[in-house]
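Since we're looking at a predicted model, the values are computed, not measured.
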Amino acid sequence: MYLTSATVEHYGLAGILHKAGFEHLIDGRSLASQTGSGPVSDHSLPQAGVAAVQALRAAERGAAPLFLHVHGADSHIPYRVVDPARFHRHDPRDDRGRFLNSIEESDWIFGELWDALRQQLSQAGQAGEPLLVLSSDHGQAFGEHGYWSHGSAVISEELDVPLLLYHPRLAARAVPFSTHFDVLPTICELLDVELAQPGYGASLLLDRGEAALPAHFVWDGAPSRSTGTCLGLLLGRRKYALDLVRDTCVVSELDDSNRQTLMGDERTYFEALIGRLAQLRGVG
């Protein structure tokens, strides 16, 4: 199941979700019709959203395992804050302040949602504690290094996102580096399920040592398009970024510090390397 307060018909999301194999889509339109109100926000997820999940589960009349992907929408432009009296630590007069306030409100909403889901599963007789995976598909830039929004660059403000896996039987640990590619292999190992085909990632439960340092091609794309104007290579503790609009090739630390513009043969080499990686990944 896929649950969101957004409208899945926007940005071609519905097609992507059907292709990914989701059997049920619960979005803002269905939640609005359920509550009889106008446009809904993420505040509808813990109550109306969980009720919709419960209704679908009851209609299936089975105790099959539940995979639920919840997509928060309020922290996207225009950075909606439903309860500004409570969530106002940051200046609401600018985009960055509203974004941070909406993130803090979303954190509270997802806490309420998590409690509601666990209570529903318990009442339905589902044994065991659910596995929680918390992450984001992208960050957000507010003028850092001249970039804005997301899907516009490979700077850390757009690339770096949280990743948390929680279950009572999982020992507390931290890894120095991970990507979204590592999530599926990790979950498959936890469930003792063999991957049908190899991917780019590896289980976070493995002691990967130096392999935990990045060696990844990155780009400013999205599932709905296979083109980009900013391409990059994460290699150890360094990042090489090629901006096709600015016609620059920059090397920096992973956090974008110590930025230096590459010139001459060095630029030619990394431009060719990044271009080849893009070609292998199918990015035009």
Side-chain angles (χ1 to χ4, degrees), residues 75-77 79 89-91 94-104 106-107 134-164 174-183 200-202 204 208-223 225-281 283-284:
S75 57
H76 292 72
I77 292 175
Y79 314 120
R89 286 201 313 125
H90 308 279
D91 189 349
D94 62 58
D95 282 347
R96 189 175 188 275
R98 287 192 298 275
F99 171 71
L100 294 174
N101 287 334
S102 70
I103 289 292
E104 294 188 356
S106 295
D107 180 70
L134 175 65
S135 188
S136 176
D137 55 342
H138 59 75
Q140 200 78 342
F142 294 93
E144 295 86 356
H145 306 292
Y147 295 106
W148 297 86
S149 189
H150 59 267
S152 61
V154 293
I155 59 175
S156 60
E157 284 78 11
E158 298 189 37
L159 289 182
D160 292 348
V161 296
L163 175 60
L164 168 73
V175 295
F177 181 86
S178 64
T179 76
H180 290 100
F181 291 126
D182 300 325
V183 176
Y200 294 107
L204 297 173
R208 297 182 288 177
E210 285 299 313
L213 293 176
H216 286 286
F217 167 74
V218 291
W219 58 291
D220 61 343
R225 59 183 171 90
S226 60
T227 59
T229 58
C230 277
L231 315 171
L233 172 63
L234 309 182
L235 194 59
R237 303 185 185 279
R238 307 287 276 172
K239 175 164 59 181
Y240 300 86
L242 176 63
D243 189 318
L244 301 178
V245 173
R246 296 182 178 182
D247 191 23
T248 58
C249 189
V250 175
V251 60
S252 69
E253 304 296 323
L254 290 179
D255 63 359
D256 301 310
S257 61
N258 301 322
R259 290 167 60 88
Q260 300 176 35
T261 300
L262 298 182
M263 306 292 287
D265 291 343
E266 193 173 18
R267 167 172 174 162
T268 300
Y269 172 79
F270 280 101
E271 186 174 321
L273 177 59
I274 293 172
R276 177 56 176 159
L277 292 172
Q279 184 182 43
L280 292 173
R281 193 62 64 86
V283 177

Asker: Listed by chain and number, what are the side-chain hydrogen bond (donor to acceptor under 3.5 Å, both in side chains) partners of D95, not counting sequence neighbours?
Answerer: R98

Asker: Nearest 0.5 Å please: distance from the CZ atom of R267 over to the OG1 atom of T261.
Answerer: 9.0 Å

Asker: What's the spacing between I274 CD1 and R276 CZ if we round to 0.5 Å?
Answerer: 14.5 Å

Asker: How close do G151 and E158 get, counting heavy atoms only, and between which atoms?
Answerer: N-OE1, 3.0 Å

Asker: State, to 0.1 Å, how close D182 and A202 come at their nearest heavy-atom pair, and which atoms those are.
Answerer: OD1-N, 2.9 Å

Asker: Compare every heavy atom of I155 with every heavy atom of R259, then report the nearest pair and how far apart it is.
Answerer: NH1-CG2, 4.5 Å

Asker: What is the minimum heavy-atom distance between P162 and S135, and which atoms define it?
Answerer: O-OG, 2.8 Å

Asker: Could you verify whether a donor N or O on one side chain and an acceptor N or O on the other, from D220 and Y147, lie under 3.5 Å apart?
Answerer: no

Asker: Which atoms form the tightest heavy-atom contact between L254 and G236, and what is the distance?
Answerer: CD1-O, 3.7 Å

Asker: Might you point out which heavy atoms bring C230 and V154 nearest each other, and give the distance in Å?
Answerer: O-CG1, 4.0 Å

Asker: Taking side chain as C-beta onward, heavy atoms only, is L234 less than 4.5 Å from T179?
Answerer: no

Asker: Could you please spell out the steps behind the side-chain contact (heavy atoms from CB on, under 4.5 Å) verdict for D137 and V161?
Answerer: CA-CA 7 Å; D137 55 342; V161 296; over 6 Å; no

Asker: Please assess V250 against D243 for the test side-chain contact (heavy atoms from CB on, under 4.5 Å), listing each intermediate value before the final yes or no.
Answerer: CA-CA 8 Å; V250 175; D243 189 318; over 6 Å; no

Asker: Quick one: side chain to side chain contact (heavy atoms under 4.5 Å, CB included) partners of V251, sequence neighbours excluded?
Answerer: R238, Y240, Q260, L262

Asker: Find the distance between CG (L244) and CD (E271) and round it off to the nearest 0.5 Å.
Answerer: 7.5 Å

Asker: If you measure from CG on D255 to OG on S156, what distance do you get to the nearest 0.5 Å?
Answerer: 6.0 Å

Asker: Does the ring center of H76 lie less than 6.0 Å from the ring center of H138?
Answerer: yes

Asker: Give the table of side-chain donor-acceptor pairs shorter than 3.5 Å for residues 139-146, with sequence neighbours excluded, one pair per line with atom names and distance.
Answerer:
| residue | atom | partner | partner atom | Å |
| --- | --- | --- | --- | --- |
| Q140 | OE1 | H150 | ND1 | 2.7 |
| Q140 | NE2 | Y79 | OH | 2.8 |
| E144 | OE1 | F142 | N | 2.6 |

Asker: Answer whether the closest heavy-atom distance between the side chains of D265 and Y269 falls below 4.5 Å.
Answerer: no

Asker: What distance separates L204 CG from F177 CZ, expressed to the nearest 0.5 Å?
Answerer: 11.0 Å

Asker: Quick one: CG on N101 to CZ on R96, what's the gap to the nearest 0.5 Å?
Answerer: 11.0 Å

